[in-house]
Amino acid sequence: MEPVIIVLIILVVLVFIALIKTIQVIPQASAAIVERFGRYTRTLNAGLNIVVPFIDTIRNRIDLREQVVPFPPQPVITQDNLVVNIDTVIYYQVTDARAATYEVASYIQAIEQLTVTTLRNIIGGMDLERTLTSREEINAALRGVLDEATGKWGIRVNRVELKAIEPPTSIQDSMEKQMRADRDKRAAILTAEGTRQAAILTAEGEKQSQILRAEGEAKAAALRAEGEAQAVRTVFEAIHAGDADQKLLSYQYLQMLPKIAAGDANKLWIVPSEIGDALKGLSGAMGNVGPFGGGSGNDGGNSGNSGGNSERREKPSID
């Protein structure tokens with residue numbers, strides 16, 4: 001009985017193992033490659049799958065989700081013979097599990113080497129300054145080349161990113177000095193521009209102030225002249241309206257003489273010949289015949305000599 005029991009136990013174990021190998025559960029977003037006697041048979045998708053035990057074997061299980069693979073820094077020589085280290089990150093996704101298994105031995109390694117060679121070709125045609133400022137251009141060029149090359153491998157490259165571009169230390173120091181000099185230059189330019197603008201605004205303000213002051217003075221002079229003209233017209237109209245006689249005119253004439261002689265610069269002033277008649281009329285009105293009256297012959301002689309001409313009398317100099 002004991003050999004029979006042993007055989008039964010072995011049969012049960014074999015059946016259990018066969019059942020385990022027959023039922024294959026594939027997780028979501030995964031795929032499995034099935035080979036029969038070493039030859040590709042089919043691809044198992046997500047869910048419960050049945051295979052022939054001991055005949056069908058699972059060659060490879062592939063994750064169909066998008067993968068992110070960072071590559072170590074790679075030394076690349078630019079067009080101006082400078083070595084820069086570039087870190088890249090690849091975002092890819094397996095779209096065909098069969099092609100990813102049989103078309104390339106290791107698609108991760110193949111993508112890495114293709115990225116390095118393509119990157120060196122692209123950077124080799126750019127100088128350092130363009131390399132540092134053309135990340136989007138480099139990313140697009142890398143993605144185009146990788147997507148075209150990996151299509152037959154069942155791989156789709158979604159994105160390629162340059163994580164870091166590190167120039168040599170000496171170049172970094174030179175770039176920092178240049179950036180510092182550019183910042184100082186921009187600061188000096190802004191300061192000079194501010195000073196220039198302030199000077200312009202100050203000059204404009206002074207100009208406007210002088211213009212307004214001149215306009216005010218001109219208006220004041222015009223108003224003053226207009227006032228004086230109005231005063232003269234008023235006096236003139238008042239004199240004519242009052243029918244002034246010779247005596248009043250003579251008195252006003254005498255009042256104006258000090259104003260005519262006023263000022264240190266007036267060395268010479270003119271006494272009209274009518275002054276004699278004015279003084280004679282004024283003295284006659286006041287009943288005083290002293291220095292102006294009684295001497296009618298002299299006065300007449302003076303009057304005759306004057307003949308309507310003016311006498312020139314020099315004002316005594318204060319000096």
Side-chain angles (χ1 to χ4, degrees), residues 1-74 76 86-122 136 138-164:
M1 292 293 294
E2 292 182 357
V4 176
I5 294 174
I6 293 174
V7 171
L8 290 176
I9 293 174
I10 293 174
L11 290 175
V12 171
V13 171
L14 291 175
V15 170
F16 183 74
I17 294 174
L19 289 175
I20 292 176
K21 288 184 171 293
T22 301
I23 300 173
Q24 295 291 331
V25 178
I26 306 300
Q28 183 67 33
S30 297
I33 302 299
V34 179
E35 292 181 347
R36 180 172 294 176
F37 300 113
R39 184 177 180 180
Y40 171 77
T41 303
R42 59 196 176 105
T43 300
L44 301 182
N45 296 319
L48 183 64
N49 296 274
I50 304 298
V51 297
V52 179
F54 305 108
I55 296 177
D56 294 339
T57 57
I58 303 297
R59 166 70 184 271
N60 191 14
R61 295 177 182 269
I62 297 177
D63 193 345
L64 300 179
R65 295 173 296 177
E66 185 174 9
Q67 305 293 320
V68 181
V69 179
F71 295 144
Q74 299 294 330
V76 181
I86 300 180
D87 296 351
T88 55
V89 179
I90 304 296
Y91 295 81
Y92 73 93
Q93 186 177 10
V94 177
T95 57
D96 188 352
R98 179 181 177 279
T101 302
Y102 295 106
E103 295 296 334
V104 62
S106 175
Y107 56 84
I108 297 295
Q109 185 177 2
I111 291 174
E112 180 180 2
Q113 295 302 319
L114 182 59
T115 301
V116 172
T117 55
T118 305
L119 191 62
R120 287 176 178 172
N121 291 334
I122 295 173
E136 293 296 332
I138 297 172
N139 292 340
L142 272 175
R143 184 180 179 279
V145 173
L146 291 176
D147 196 22
E148 181 180 359
T150 58
K152 63 180 180 180
W153 300 340
I155 307 294
R156 182 176 68 245
V157 178
N158 296 326
R159 294 184 63 185
V160 180
E161 295 291 340
L162 300 182
K163 187 167 63 175

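Phe71 CZ to Ile86 CD1: the interatomic distance, rounded to the nearest 0.5 Å, is 14.0 Å. A distance of 5.5 Å separates CD1 of Ile26 from CD1 of Ile58, quoted to the nearest 0.5 Å. Distance check, rounded to the nearest 0.5 Å: CD1 of Ile50 to CG of Leu19 gives 9.5 Å. Atom NZ of Lys21 is separated from atom CZ of Phe54 by 6.0 Å, given to the nearest 0.5 angstrom. Here Ile122 contributes atom CD1 and Thr117 contributes atom OG1; the two are 9.5 Å apart, rounded to the nearest 0.5 Å. Rounding to the nearest 0.5 Å gives a distance of 11.5 Å between OG1 of Thr22 and CD1 of Ile17.
Across Ala46 and Pro27, no two heavy atoms sit closer than the pair CB-O, 3.3 Å. Of all heavy-atom pairs spanning Leu114 and Ala149, the tightest one is CD2-CB, 3.3 Å. Here the closest heavy-atom approach between residue Pro72 and residue Asp87 is recorded as C-OD1, 4.1 Å. Here the closest heavy-atom approach between residue Gln24 and residue Ile20 is recorded as NE2-O, 3.9 Å. Among all heavy-atom pairs drawn from Glu103 and Lys152, the shortest one is CG-O, 3.4 Å. Heavy atoms only, all atoms of each residue included: Ala31 and Leu64 are closest at CB-CD1, 4.1 Å.
Leu44 has its side chain within reach of Val51: a pair of non-hydrogen atoms, C-beta onward, lies under 4.5 Å apart. Annotation: side chain of Thr150 is not in contact with side chain of Arg156 (no heavy-atom distance under 4.5 Å). Counting heavy atoms from C-beta on, the side chains of Asp96 and Thr43 never come closer than 4.5 Å. Proximity of Thr115 to Leu146: side-chain heavy atoms (C-beta onward) are separated by under 4.5 Å at one or more points. You'll find the side chain of Gln93 reaches within 4.5 Å of the side chain of Asn158, heavy atoms only. Side-chain contact between Ile155 and Gln67 is absent, with no heavy atoms from C-beta onward closer than 4.5 Å. Inter-residue side-chain proximity for Ile90 and Glu112 is flagged as unmet; no heavy-atom pair is nearer than 4.5 Å. Taking the side chain as every heavy atom from C-beta outward, Ile111 and Val69 never approach each other to under 4.5 Å.
Listed by first then second residue, pairs satisfying side-chain hydrogen bond (donor to acceptor under 3.5 Å, both in side chains) with a partner in residues 48-59 read Glu35-Arg59, Arg36-Asp56, not counting sequence neighbours.
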Item to check | Steps toward side chain to side chain contact (heavy atoms under 4.5 Å, CB included) verdict (Leu162, Asn139) | outcome: CA-CA 7 Å; Leu162 300 182; Asn139 292 340; 3.3 Å; yes
